[in-house]
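All ligand and atom numbering here is 1-based and tracks the order in the structure. Hydrogens, waters and symmetry mates are skipped; everything else that's a heavy atom, side chains included, is used.
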Amino acid sequence: MSRLIQITIPSEAAGKRLSVYLAEAGYPLTADCGGRGTCGKCRVTVLSGSFAADPNGTTAVMPNSEGQILACHAWCGHQQAVILLPVSEGQGLTIDTTGSTVVDISSCGVALDIGTTTLAAALVSLESGAILRTVSRLNPQKSFGADVMSRIGAVMANESNLPIMQTLLLDAVRLMIYELTNGKAVSRMTVAGNPTMLHLFCGISPVGMGAYPFTPAFTHAKTLTGAELDLPVGTVTLLPSISAFIGGDITAGMLAQEITDHDEPVLLVDMGTNGEMILYTGQNHGSKLYGTSTAAGPALEGAGISTGVGGISGAVCGVKFNGLSTQTKTIDNQPPIGICGSGLIDLIAVLLQRGLIDETGYLEEDPFPYAEDLTLTGGDIRAFQLAKSALRAGMEVLCETAGISPHELSRIYIAGGLGYYMDINSAVAVGLLPDCPRQHMISVGNTSLTGATMALCDPSLIERAACDAALCEIVELNLSPSFNDKFMEYMMFPYGDD
Ligand code: FES
C-alpha cells in the first residue's frame, strides 16, 4: 500500500538535487525516465519552503496547482523545506525467517542477487546448502532510472553519480546482511547480477557499456575482500558475466538449471527489465550455447504503465474472464492500487479474448477501467507490445541462429519474479511465449539467487560458470538481419488461427 510521509529537507542539503538528497536519505523515488522530467513518477508535494530549478538556485521551481514538483528537476535551497512524498510498503525490507531460527552464523554465507529493480539475499548454511533466511528490498538506485541504460546514462552525465549509486547499493546490502546475520560477520558472499549492477556494486564505471561497441570494464569472476566494500563478510565473489548485457545473473541461472547437462535443446529466459536468454542445443545436438539480451524495458515490472506498480501488496496480479464476468485478484487480497506484470499480461489476454483489443493493439474503450479508479490506456498497451515483442523476437532469433524451432525445445525455463505469478496460457495468448506444450514451459523463480547460493556452497561452480560463459556464442540482435522483421511481427497480437 502507498502512504505519504512528511520529510524535512535541511539547509545543509543546499545545492543538491532533491531526488538525490532523498535517495541518500533512504527515500529513493521511482524515476522511470531516469530523471529526464518526462515520467512524472518523482512528484512530491511541497508543504513549505521552496526549491530551485537549477543547481545555482537562480530560478525557483513553480509547483503545479496541487503544490507538486518533480524531485528530479528541483535543487534544495539554503532554507529548510518540508515535503510530502509517497512511499510504498514494498520499499521496505521484507524478511522471511521461516527456516531455522537458531542459526550458527559462523558456518553460514550470504548469496546476493542484484536486480535492476529488486535486491534479494539469502543466508545459507555452507554445510548443508540450506537457505535459512531471505530478505529483499527495492534497489535504491531506482532514483537514477528504471533500467540499466538510465543508470549508465547517469554516470555518463556526471561521474560523481557513480560513488553515490555505489554507496546507495552497498548501504542497502549492508542492511540486508545485518538483517540476515543479526549483525554478525560471515566468511563469504557470492553476488550475481547484470553487468551494470556488478560494475556499480564494485564502484567501477559502466560507461563503456553505454554506447557501441558496449564494452564492459570486466566480465570475469571477481573476488574482493569485504573490507574493500565495507561489508561485514570475509570475501565477496562476483559470478562471471558473458558480455555487456548478459551477466552473472544468467550464468547463475545456468548453474541453477544445470543447463549444460541437458541432452535436448533448452532455453532459459530471464524476464527482467533487460531480457537475458540462453539457448543450449543439448548434448545430443552438438552442445552449443548461444546467448542474447534484449531491452524489454520495465513494462513487465509495472514501470512505464500509467497505473503500473511492482509486485507489492494490492497490485492486481491476476485477471480472469469466465465468459460472463471479469474477476481480478490482488496480492495479499488488498484493495487494488495498480497493476503488476502478471496482472497486465492477464488483463491484455482477457481484453483480446473479449475482442476489446484488435491484433494491432487498438483499444476500443480508451482508457479502459479494470478496477475501481484504475484504468489501462492505449499507451500502456503500446508499452507492453514493445516489451513482449522485444522478448519474443529475441527468443525467435536465438532459436533461428541455433537452427532450432521453438517447438523442438524440451524445456523453456522462465526465470525472474514475474515467472512465479505469470499465467503461461495468458503469456501464450498475448504472444509473449510460443505456443509450445505447456508442460515444457516451467517458471523457475529467481535462478540468479539460486545459482549464487549454489556457487556459495560449492566454489568450484564459479569455474564451471566461467567455462560456460567462455563457450557461449553471443548473438547481437542489432546485427541480426531478421530481428527487425520479427520485432514488427511480434508487435501484433496473435489472432484467430495464429
Ligand atoms: S519525471 Fe521521471 S524521474 Fe522525474
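Asp332 and Ser313 share a side-chain donor-acceptor pair at under 3.5 Å. Inspection of the Asn274 and Thr116 side chains reveals no N or O donor paired with an N or O acceptor under 3.5 Å. Neither side chain, Ser482 nor Asp485, offers a donor N or O lying under 3.5 Å from an acceptor on the other.
Each of Val316, Leu351, Thr326, Asp346 was evaluated against Tyr370; a single residue qualifies, Val316, per the side chain to side chain contact (heavy atoms under 4.5 Å, CB included) test.
Rounding to 10 degrees gives 100° for the angle at atom 4 (Fe) of ligand 1 between SG of Cys42 and SG of Cys72.
Near Gly40, the atoms of ligand 1 lying under 4.0 angstrom from a non-hydrogen atom of the residue are 1 (S), 2 (Fe). Less than 4.0 angstrom separates some heavy atom of Gly37 from each of these atoms of ligand 1: 1 (S).
In Gln79, the CD atom is not crowded: 12 or fewer heavy atoms of neighbouring residues, nucleotides or ligands sit closer than 6.0 Å.
Counting backbone and side-chain atoms alike, Cys39 contributes an N/O/S atom closer than 2.8 Å to atom 2 (Fe) of ligand 1.
If you look at Thr38 next to ligand 1, the close heavy atoms, those under 4.0 Å, all belong to the backbone.
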